Amino acid sequence: MTEIQRVTGMQDILPMAQRYWRHLIQTGSEVAHQFGFQPIDVPVLEYTHLFVRGVGEASDFFVNKEMYTIVEEDGVSLTLRPEFTAGIVRAYVENGMQNWVQPVKLFTVGPIFRRERPQAGRFRQHSQYNAEIMGETDPAADVEVMMLAMTLFQRLGFRGLTFQLNSTGCPACKPVYVEKLRAFMADHLQSLSPVDRERMQRNPLRILDSKEPGMEKLLANAPHIADHLCADCADHFAELRQHLDHLGQAYTINFRLVRGIDYYVKTVFEVWAEGIGAQAALCGGGRYDGVAEAIGGPSTPGVGFGAGIDRIVLTMQTWGIEPPPAPEVPILVAHFGGDTKTAALALAFRLRQAQFPTRLAFARERRSLKSQMREANKLNVRYVLILGESELAANAVVVRPLDGGAQVTVSLAEEQLEQWLRQALA
RNA sequence: GCGGGUAUAGUGUAGCGGUUAACACGUCUGGUUGUGGCCCAGAAGAUCGUGGGUUCGAUUCCCACUACUCGCCCCA
């Protein structure tokens, strides 16, 4: 219990849970392909400064407390990626994707690492599905990213999905708004909780999604960013909404929806599912036109989203959304005495060559057929191929169906067994 | 970083200041000569999270630590 143990916040994805994961990843890949996104993988490890520059002002906090960083002997500092965007933007710049047909549309799946305190649906290692469009400022690109997310969740079987949508402004209008918000809050200091006063210092926008009691009423009267956007941002937001309206896609303008990091501009959105609170949003994303420059590359607009796979799987499980059943292994080869084990081994490989998923019964010593039958039954095998000495002598196997059908003897000559099985399993 | 809860075989639980630490599920084996599910029998599997106390004696009471868990902060 003390020695052999997972690292805090890490988890094993056992075979029983894999069908959720596989289904999610496969559906995600299919949908991405349909939307014209190409797959990409970026390293788990990057130079620390990539993430430090990428996340901007709040970086001290993350660097100190929330990132897994190792310093190599020569002093080079590396960090396990705490997000995908920085790495993908780095790959875009480093591989000269500016010279590809614009925009470049990419998606990826993989683990990310954050040294946070684990809690329901939050792990230190968790996997994300990410999609990004790089090199395009058109609000239609935002729409496409949003609809990719929405389609994915619909395809997975979620119901009652809604967009939560907001605009967070840009370097031109966001600071002006933040000042207005700060001034408003200063006038209502006495109704702010200590936590929110603290927030006002560090990251005023975050007050908007405060969970403190009474904030709802106060925030309703606070200045809303949608009313303080610059012309460019207002146009972008208006056009985005127009497109959504035109698609008949419902959305909720949520003025409390914000992102904690500076590089987000204009669009921010989440997908919520019926009955799930804001904390369990299925995904979140937005526009990050400032990132490429922040990491030292040429100014490049980008928009994308990330969806936490672990959390989506949890949600599917609590809702009873069933992925397709795991592929089964329909055949077990049993053997019984004499040289039959050797022959069974060969038979199993022969069947696998012929594309039949096959399990082979093992037996150090002589093992009863009954025991092997039990194994087959527990594994939900459809046919047990019994290879005893008499079958071996006759160059045949007994094919025993486990669904109650009659067993038959099939010759091992030529392709007879393969043909029989192909028909039976069709 | 802060706060609440929990810690007994693989899993879920019971238990008590002194017991061979129990039960269910699961696992394995067997139930006459080569055939699953039900049933029956047996077996393996726990220094009762770790370390300190209190006590004649601690799995049981107390403390600390660790881990797990739920929430807060934060959330790229």
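Chain identifiers are assigned alphabetically (A, B, ...) following the order of the sequence lines, protein sequences preceding nucleic acid strands; residue numbering begins at 1 within each chain. None of these values were measured; they are calculated from a predicted model.
OP1 or OP2 of B:C74 lies within a sub-4.0 Å distance of a side-chain N or O belonging to A:R202. Contact annotation: A:K378 side-chain N/O to B:C28 OP1/OP2 distance is under 4.0 Å. Here A:T85 does not reach the OP1 or OP2 of B:A76: none of its side-chain N or O atoms lies under 4.0 Å away. Residue A:S368 places at least one side-chain N or O under 4.0 Å from the OP1 or OP2 atom of B:G30. Between A:R206 and the phosphate of B:C75, there is a side-chain N or O to OP1/OP2 separation shorter than 4.0 Å. A close approach under 4.0 Å does occur between a side-chain nitrogen or oxygen of A:K370 and OP1 or OP2 of B:G36. For B:C72, one of the phosphate oxygens OP1 or OP2 lies less than 4.0 angstrom from a side-chain nitrogen or oxygen of A:Q119. Contact between the side-chain N/O atoms of A:N203 and the OP1/OP2 oxygens of B:C75 is found at a separation under 4.0 Å. Contact annotation: A:R259 side-chain N/O to B:C75 OP1/OP2 distance is not under 4.0 Å. OP1 or OP2 of B:C72 has not a single side-chain nitrogen or oxygen of A:R117 nearer than 4.0 Å. Close to B:C73, at under 4.0 Å from its OP1 or OP2, lies a side-chain N or O of A:K211.
Pair check for B:A21 finds none; no Watson-Crick or G-U wobble contact set falls under 3.5 Å. B:C16 makes up no base pair with any nucleotide shown, lacking Watson-Crick or G-U wobble contacts both under 3.5 Å. Figure legend. B:G3 is base-paired to B:C70; pairs are counted as Watson-Crick or G-U wobble with both atom distances under 3.5 Å. Across all strands shown, B:C65 forms a Watson-Crick or G-U wobble pair, both distances under 3.5 Å, with B:G49. Look at B:A43: its Watson-Crick or wobble partner, with both distances under 3.5 angstrom, is B:U27.
Residue A:Q11 is out of contact with every strand shown, counting any heavy-atom pair closer than 4.0 Å. Contact annotation for A:G304: no contact, since no heavy-atom pair falls under 4.0 Å across all strands. A:V381 comes within 4.0 angstrom of nothing in the nucleic acid, heavy atoms only. Using a 4.0 Å heavy-atom cutoff across all strands shown, A:E375 reaches no nucleic acid atom at all. Note on A:A120: only backbone sugar-phosphate atoms sit closer than 4.0 angstrom, heavy atoms only; bases stay farther off.
Taking the ring centre of A:F113 as origin, the terminal cationic atom of A:R115 falls outside the region bounded by 6.0 Å and 45° from the ring axis.
At least one side-chain heavy atom of A:L351 sits under 4.5 Å from a side-chain heavy atom of A:L421.
A gap of 34 Å separates the C1' atoms of B:C39 and B:C48, to the nearest Å. With both ends at atom C1', the span from B:A21 to B:A46 equals 9 Å, rounded to whole Å. For B:G10 and B:C40, the C1' atoms lie 24 Å apart once the distance is rounded to whole Å. Taking atom P on both nucleotides, B:U59 is separated from B:U20 by 14 Å, rounded to a whole Å. For the C1' atoms, the distance linking B:C16 with B:G57 amounts to 14 Å, nearest Å. Comparing the C1' positions of B:G12 and B:G71 gives an interatomic distance of 25 Å, to the nearest angstrom. B:C23 and B:G15 have their C1' atoms separated by 11 Å, given to the nearest Å. Distance noted for atom C1' between B:U13 and B:G53: 30 Å (whole Å).
A donor and an acceptor atom never sit less than 3.5 Å apart when one is taken from the side chain of A:R115 and the other from the base of B:C74. Judged by distance alone with a 3.5 Å cut-off, no donor-acceptor contact links the side chain of A:R374 to the base of B:G37. Taking only distance into account, the side chain of A:Q372 never meets the base of B:U35 through a donor-acceptor pair shorter than 3.5 Å. Remark: the A:R199 side chain and the B:C73 base include no donor-acceptor N/O pair separated by less than 3.5 Å.
Using bins of under 30°, 30° to 60° and over 60° for the plane-to-plane angle, the ring pair A:F305/A:Y129 lands in the tilted bin. Aromatic ring orientation, A:Y177 versus A:H228: tilted (interplanar angle from 30° to 60°).
More than 12 heavy atoms of other residues, nucleotides or ligands sit less than 6.0 Å from atom CD of A:Q407.
For the pair A:E322 and A:R19, the salt-bridge criterion is met [side-chain N within less than 4.0 Å of a carboxylate O]. A salt bridge is absent between A:E136 and A:K105; no separation between the charged side-chain nitrogens and carboxylate oxygens falls under 4.0 Å.
The distance from atom CZ of A:F123 to atom P of B:C70 is 7 Å, rounded to the nearest whole Å. In this entry the distance linking CD of A:E116 with P of B:C70 reads 14 Å, nearest Å. Here B:G36 presents its P atom at 11 Å from CD of A:Q407, a figure rounded to the nearest Å. B:U35 atom P lies 6 Å from atom CG of A:L369, rounded to whole Å. Between A:H126 atom NE2 and B:C74 atom C1' there is a gap of 14 Å when expressed in whole angstrom units. Straight-line distance from the CG atom of A:N377 to the C1' atom of B:U27: 15 Å, rounded to whole Å. For the pair A:F305 CZ and B:A76 C1', the computed distance is 16 Å after rounding to whole Å. Spacing between atom CG of A:L192 and atom P of B:C73 amounts to 14 Å, rounded to whole angstrom units.
Taking for each of A:I386 and A:S371 the nucleotide of RNA chain B with the nearest heavy atom, the 5'-most of the two is the partner of A:S371. Both A:M10 and A:S210 lie near RNA chain B, and the one whose nearest nucleotide falls closer to the 5' end is A:M10.
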Practice task
Take A:H236 and A:D142 through the test side-chain hydrogen bond (donor to acceptor under 3.5 Å, both in side chains) and record every step on the way to the result.
Solution key: CA-CA 10 Å; A:H236 187 97; A:D142 307 42; 3.0 Å; yes
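One distance of note links CD of A:E94 with CD1 of A:I295; it measures 9.5 Å at 0.5 Å rounding.
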